[in-house]
Amino acid sequence: MAKTKTAYFCRECGNETARWQGQCPGCHEWNTLVEEPTAPRKSKGSAAGSSARASGAGISAPVRLRDVEGAERPRWATGLAEFDFVLGGGIVPGSVVLVGGEPGIGKSTILLQVAGRLEGAQRSTLYVSGEESAHQVKLRADRLDEAASSVTLLAETDLDGILIRAAELNPAVLLIDSIQTVYTPELEGAPGNVGQVRECAARLQRFAKQTGTAVFLVGHVTKGGGIAGPKTLEHIVDTVLYFESAGGLDNRVLRATKNRFGGVDEIGVFRMTAAGLSPVGNPSELFLGERSDAVPGSAVVATMEGTRPLLVEVQALAAKAAYGAPQRVSTGIDQKRLALLLAVLEKRAGLHFGQLDVFLNVVGGLRLTETATDAAVAVALASSVFDRPVPSDTVVIGELGLGGELRPVGQIERRLTEAARMGFRAAYLSPRAVPQSVPPGIRAIPVEDVRTLVDRIFAA
Ligand code: TYD
Ligand code: MG
């Protein structure tokens, strides 16, 4: 009996090596190599045999770019506004979209809603479920607001079978839930292993390009937060969306991390209800939380998520350390950034944190990555140290330099407009950031540095 040929694949980057090693030579991660069977090269090819190749059949012809029609292809709007927005204006025909997220976050739910809406707009869909039975999917569909009953369901995990049915039905959108349950018998090895996931995704990608069918792939997420299976999966697809919970509540944030047909870092906000996911049209309201006035340690920043301004509350608590080295705990803001801001406050504003535990939290579970949030974090910290609240109609926008100087940040008008819309009346920012025309309803208060900022806000 012939022995199955195997190789070692990296679970993180998909790199293939003949020998086992402790460290992946591709991405230098440790202990990520797993042994998997490799299929003989020749059976990996497409159905078109080499004789067809020789005659030129099935080989695409080169074209001049100027002869390629229509730069901007139409998009299919699902009508689920936040979903379309994150995609960059709807589904692009022939595109492949990977939807990643932890189990139970709502990937199946949102895709079923999308399928239902597409059917409602006379676009045919095929929903392939390898994780749940038809009965289970039906039960879910019954709970949704969307009329998902006209969605066609296929309970199948063999990729060949899926592609045959998809070719017969020729749906506008094909949804695969999930890519880790699909397998091709041409490769040995269980569904979900690196080789299988990569090969199945590549073949679905070819199918999408050849037929113009848009394909959605559900992908599970590993402990490290990556989509299980190879990173190469992210290179194969056109768009990668991550679905994550915000604040452990029913709020969900959908985020594009790669998009060949639109911007990245746009977010869509949803709330999980008894009738599926419902878009939250006004995310600022969500991330401002139930703000009660006069609580020390809270400050509001106008941050940008992609092209959209979002008002977010930052909370700080500085309390006397009980024993040993004081703690620095932050959720939603990089720990190192917090350390830097504490040092700046210490050195440039004369606040002392040496004996204090510092806890920092971004309301709503959002992750803030913009340096534009520096000044607000500093103000929240100062507010907690002084035990005096920041006036509730005040936002703080700006980056802090190591010299304590307040730096201007981009898109200031949009931030101010959103702040005014949400009822804020005063915005502290860098003198260089004050725009030509300040949106009505809000005052732009220029401050040079963090000391002045703290003095002005907490002046008797
Ligand atoms: P699901 O879409 O199955 O998550 P995933 O596919 O990402 O694993 O969502 C599962 C959770 O959502 C489950 O805990 C039940 C909840 N849910 C609702 O709260 N309301 C609903 O209308 C539906 C369909 C699910
Ligand atoms: Mg699911």
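Atoms within each ligand, like the ligands themselves, are counted from 1 in listed order.
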Any Lys/Arg nitrogen of [X] or [Y] sitting under 4.0 Å from an Asp/Glu carboxylate oxygen of the other?
{"X": "Arg198", "Y": "Glu36", "answer": "no"}
{"X": "Asp160", "Y": "Arg203", "answer": "yes"}
{"X": "Glu418", "Y": "Arg421", "answer": "yes"}
{"X": "Asp393", "Y": "Arg425", "answer": "no"}

> Is the closest heavy-atom distance from Leu111 to ligand 1 below 4.0 Å?
Replying inline: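 Heavy atoms of Leu111 never come under 4.0 Å of ligand 1.
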>> Can you tell me if Glu102 contacts ligand 1 (heavy atom of the residue under 4.0 Å from the ligand)?
In response: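 It does; at least one heavy atom falls under 4.0 Å.
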Looking only at side-chain N and O atoms, does [Y] offer a donor or acceptor that is under 3.5 Å from a partner on [X]?
{"X": "Thr184", "Y": "Glu199", "value": "no"}
{"X": "Ser129", "Y": "Asp177", "value": "no"}
{"X": "Glu131", "Y": "Thr181", "value": "no"}

> Should the pair Phe216 and Phe83 be assigned to parallel (<30°), tilted (30 to 60°) or perpendicular (>60°) ring geometry?
Replying inline: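 Phe216 vs Phe83 ring planes: tilted.
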> For atom 18 (C) of ligand 1, is the nearest protein heavy atom closer than 4.0 Å?
Replying inline: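 Neighbour list for atom 18 (C) of ligand 1 includes protein heavy atoms (cut-off 4.0 Å).
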Check whether any side-chain heavy atom of [X] lies under 4.5 Å from a side-chain heavy atom of [Y], and answer yes or no.
{"X": "Thr371", "Y": "Arg337", "value": "yes"}
{"X": "Leu154", "Y": "Leu169", "value": "no"}
{"X": "Gln180", "Y": "Val197", "value": "yes"}

> Is ligand 1 under 4.0 Å from a heavy atom in the side chain of Ser108, in the backbone, in both, or in neither?
Replying inline: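 Under 4.0 Å from ligand 1, Ser108 contributes backbone and side-chain atoms.
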>> Would you say that more than 12 heavy atoms from the other residues, nucleotides or ligands in this model lie under 6.0 Å from the CZ of Arg328, or not?
In response: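 Yes, because the 6.0 Å sphere around CZ of Arg328 holds more than 12 heavy atoms from other groups.
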> Should the heavy atoms of other residues, nucleotides or ligands under 6.0 Å from CZ of Arg260 be counted, would the total exceed 12?
Replying inline: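 Atom CZ in Arg260 is packed in, count exceeds 12.
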Protein residue, atom and distance nearest to [atom], heavy-atom basis:
{"atom": "atom 20 (N) of ligand 1", "result": "Thr273 O, 2.7 Å"}
{"atom": "atom 11 (C) of ligand 1", "result": "Gly104 O, 3.5 Å"}
{"atom": "atom 15 (C) of ligand 1", "result": "Arg143 NH1, 4.7 Å"}
{"atom": "atom 22 (O) of ligand 1", "result": "Gly276 N, 2.7 Å"}
{"atom": "atom 3 (O) of ligand 1", "result": "Arg140 NH2, 2.6 Å"}
{"atom": "atom 12 (O) of ligand 1", "result": "Met272 CE, 3.0 Å"}
{"atom": "atom 4 (O) of ligand 1", "result": "Gly106 N, 3.0 Å"}

Check whether any N or O atom of [X], backbone or side chain, sits under 3.5 Å from an N or O atom of ligand 1, and answer yes or no.
{"X": "Thr109", "result": "yes"}
{"X": "Ala274", "result": "yes"}
{"X": "Leu144", "result": "no"}

>> Out of all atoms in ligand 1, which are within 4.0 Å of some heavy atom of Ala275? Include the element for each.
In response: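 Those qualifying, in numeric order: 22 (O).
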> Can you list the atoms of ligand 1 that are under 4.0 Å from a heavy atom of Pro103?
Replying inline: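 In order of number, 8 (O).
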> Which residue pairs pass the salt bridge (charged side-chain N to carboxylate O under 4.0 Å, His left out) test with at least one member in residues 272-283, sequence neighbours excluded?
Replying inline: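 Of all non-adjacent pairs touching residues 272-283, none passes salt bridge (charged side-chain N to carboxylate O under 4.0 Å, His left out).
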> Which residues and atoms, counting only protein N, O or S, are under 2.8 Å from the Mg ion (ligand 2)?
Replying inline: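 Sorted hits: Ser108 OG.
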